[in-house]
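Okay, structure first, notes after.
Model, not experiment: these values are computed from the prediction. Protein chains get the first letters and strands the later ones, always in sequence-line order, with residue 1 at the start of each.
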Amino acid sequence: MERKIRILVAKPGLDGHDRGAKVVAQALRDAGMEVIYTGLHQTVDQIIQTALQEDVDVIGLSIMSGAHLPICEKLMKKIKEKGFEDTAVVVGGVIPTRDIPLLQKMGIEGIFPGGTPFDKSIKWIKENIKPR
Amino acid sequence: MGVAKYIKNEKDEVQDVILQSGIHIKPVYTRKDLEKVGFDPEKDLAHPGEYPFTRGIHPQGYRSREWTTRQYTGFGTPEETNERFKLMISHGQTGLNVAFDLPTQMGLDSDDPLAEGEVGRVGMAVDSLRDFEVAFREIPLDRIGVGLTINAVASIMLAMFQATAEKFGFKKDRVSATPQNDILKEMIGRGAWVFPVKPAVRLIGDTIEYSMKELPRTNPVSICGYHIRESGCSPPQEIAYAFQIANTYIEEVLRRGHSIDDFVRGFTFNLNVFGNLWEQVAKFRAARKLWAKNLKERYGAKDNRSFLLRGIFGGGGYGMTKAQPENNIIRGAYYALAAALGGAQTTALCSFDEAYTIPTPRAALLSLRTFQILMEEIGLRDTVDPLAGSYFIETLTKQMEEKIVEEMKRVDEMGGMIKAVETGYVQREVARQAYEFEKGVQKGELIKVGVNKYTEGEKMEVELHDYRVGSAEEQIRRTQEVRRERDNRKVTQLLKDLEAAARAEKNVMPYLLECCKAYATVGEMTKVFKEAYGEFKEPSIF
């Protein structure tokens, strides 16, 4: 049997607005993925540790605070340092259009600003992520 | 549940309307409907300013007193925020509502490693009294009431506010602060919690007890159904959860031997305005009545002032959309109308660009103008509770009341709000409904103009508020300067005293006031509490 896609839904930083993260977590689960939710106020290190422990295929960040650029930069750097670049990173939340190319440059391909329909993000993950 | 539903036939005629509350709306209402719900004008309505206050808390409504306008404001450094405060006041705003950045809300100083990247981003950074001295410079604090949108460390910020006011020469019995100070809703919806439930509730008890004696014009708590609704619950749940949270805080103060009539008039509420107009108006009317009843029947309050549901009805954030953002200007106007028809004492609106980032001055002023047009141009000041007596509105108000009572009962059966939050019951309920709501919007069951219907048209670019790189460094520099210049021996001693008071479960407010006056930082005081109380652990809800 093919393994399900395992995804870590993570809330990095101090922002506590988790409606989006919880809603997406439920949608991903209904789409047949295994979802692990970190809870709030996670540091980048904590997220990476959970991702490693849970052996996930994807880390999904939910950020509403405007701090997406510094947070993503830090996370991508640590992922490289730890050498597990085969774990994909996607990001959702309040992401202004002008920041999308900057996030892409960091190596984040799946970017789903608030209001993205479930179908679209689920399709992207299923097409781009191969469960290990 | 989920979204409001419009059931249509093949000719596109509306066959049934089911509100988010689950109440069905009929095509026509008559006197018979009032009879069916047992409407009694004497008992259910009375006069405005009279028990049970369904029609409003003032006999003359907005004639005697316009609503207070209080846009949520704050970003970057205290200097930048002070400038924006003054701009809003110069344009006729009558109160302030301070937005703090996330590190401040979480009790972290700007130079804490965990604050990196977040200083001054979603609000202003406050580390020490020095920052408040800058933020409130030249603000007439005896005339302008100040909302402080902070919860986990509200006790610290209230002490900081008092210290600032006194420093500027305002008497403590002349200034009015409204710290949000509602930690249970943070645990349900907004996520800026630090300490475990029980000590966190005790801190709120401290602020209420202290304000009662020391800060008589201050409203020590603003209980927020608002954020719970933003997180996904229905309108009657918004009120039911808010009231049960309020009851928890009431019981914390009663436990200390105070009488209900001595403190409950300082309670205020923060309620949401988006969604179906009629449902919102009925919600506010039913809420006023039930709050009065709650105080009278559950707690035996006698003083008329104890019965009044006062509050800010505003915001509407979840109703706003990222798509076609200018539509939010129009949405905001209707939401403000709901607040006015619902008898709000205070109001604020999310600005049209807030789905993108914090508002530009242009967007914030448009929100303020929306209120001014309603009150001064359109006639919302003319007469109190103008929808009273409508077959429809009175029926709906009675039905809404029933729904709220049902939800309150559910929480009572669970053993109260502390249990309901500690076990994650409310969080689960809210998350599930948020998912249902989102599915409803994505399936097009609930029309959102510009999102799932009428999506054609030019793409509009929004002018964005720019986060000023460098403001974090300025803030850190100032805080480090404060730490160098203050009397550090005194600060260390005062922090020790604070810790002893916290561990002995004494009221910590007088100790916090002394710490603030000596320029102890928010991070230092929070650390003391963390050591004494520990930290909250989120219940797993999946």
Side-chain angles (χ1 to χ4, degrees), chain A residues 7-9 11-31 34-46 62-75 92-99 112-122, chain B residues 75 101-106 108 113-119 121-122 186-187 189-194 227 230-232 317-318 321-323 354-358 427-428 430-439 441-442 448 451-452 459 461-462 464-465 467 535-542:
Chain A
I7 180 162
L8 180 70
V9 174
K11 279 294 295 178
L14 305 176
D15 170 40
H17 291 85
D18 57 1
R19 176 177 181 148
K22 286 172 174 170
V23 160
V24 168
Q26 293 173 87
L28 296 174
R29 183 169 294 176
D30 283 357
E34 276 182 49
V35 182
I36 299 115
Y37 175 53
T38 59
L40 293 178
H41 310 156
Q42 298 289 305
T43 63
V44 163
D45 288 334
Q46 285 170 319
S62 165
I63 310 173
M64 329 288 278
S65 65
H68 45 280
L69 293 176
I71 288 171
C72 289
E73 207 170 343
K74 207 164 164 188
L75 182 90
V94 180
I95 314 287
T97 316
R98 64 178 180 192
D99 291 344
F112 310 111
T116 306
F118 298 145
D119 294 347
K120 201 174 155 189
S121 38
I122 288 167
Chain B
F75 58 92
D101 69 0
L102 284 166
T104 308
Q105 292 186 44
M106 297 297 294
L108 301 168
L114 291 174
E116 196 193 328
E118 315 225 38
V119 175
R121 217 177 262 276
V122 301
E186 290 295 325
M187 289 161 174
R190 194 170 166 274
W193 37 255
V194 179
H227 307 90
E230 286 286 299
S231 300
Y318 207 78
T321 66
K322 199 165 176 231
E354 277 194 66
Y356 290 82
T357 177
I358 68 171
Q427 295 93 313
R428 247 188 311 274
V430 169
R432 192 171 54 81
Q433 291 191 56
Y435 184 40
E436 293 303 320
F437 186 94
E438 208 48 52
K439 283 198 285 192
V441 173
Q442 295 197 6
K448 286 299 284 185
V451 174
N452 56 16
K459 264 216 150 150
E461 282 302 316
V462 190
L464 293 181
H465 160 87
Y467 175 66
E535 293 182 55
F536 177 62
K537 285 196 183 56
E538 240 179 313
S540 156
I541 68 155
F542 289 118

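Only the backbone of B:E230 comes within contact range of chain A, judged by heavy atoms closer than 4.5 Å. B:A355 touches chain A through its backbone: at least one of N, CA, C or O sits under 4.5 Å from a heavy atom, while the side chain does not. Using a 4.5 Å cut-off between heavy atoms, B:Y356 touches chain A through its backbone atoms (N, CA, C, O) alone. Using a 4.5 Å cut-off between heavy atoms, A:P96 touches chain B through its side chain atoms alone. Looking at B:I358, neither its backbone nor its side chain comes within 4.5 Å of chain A, counting heavy atoms on both sides.
The CG atom of A:D15 sits 10.0 Å away from the CE atom of B:M106 when rounded to the nearest 0.5 Å. Put simply, CZ on B:R432 and CD on A:Q26 are 9.0 Å apart, with the number rounded to the nearest 0.5 Å. Between the CZ atom in A:F118 and the CD atom in B:E438 there is a gap of 5.0 Å [rounded to 0.5 Å].
Ranking A:G13, A:A27, A:A25 against chain B, the residue ahead of the rest is A:A27, based on heavy-atom pairs under 4.5 Å. Of the listed residues (B:E118, B:E116, B:K322, B:Q105), the one with the most heavy-atom contacts under 4.5 Å to chain A is B:E118.
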Distance-only criterion, 3.5 Å: show the donor-acceptor pairs between side-chain atoms of residues 36-44 of chain A and protein atoms not counting sequence neighbours.
| unit_1 | atom_1 | unit_2 | atom_2 | d |
| --- | --- | --- | --- | --- |
| A:T38 | OG1 | A:K11 | N | 3.2 |
| A:H41 | NE2 | B:G191 | O | 2.6 |
| A:Q42 | NE2 | A:L40 | O | 3.2 |
| A:T43 | OG1 | A:Q46 | N | 3.1 |
| A:T43 | OG1 | A:Q46 | OE1 | 3.3 |

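Of all heavy-atom pairs spanning A:T116 and B:Q442, the tightest one is O-NE2, 3.8 Å. Listed here is the closest heavy atom pair of A:A67 and B:G117: CB-O, 3.7 Å. Scanning all heavy atoms of the two residues, the minimum distance from A:S65 to B:V122 falls at O-CG1, 3.3 Å.
Figure legend: A:R19 and B:Y318 shown as a cation-pi pair, the cationic atom lying under 6.0 angstrom from the six-membered ring centre and within 45 degrees of its axis.
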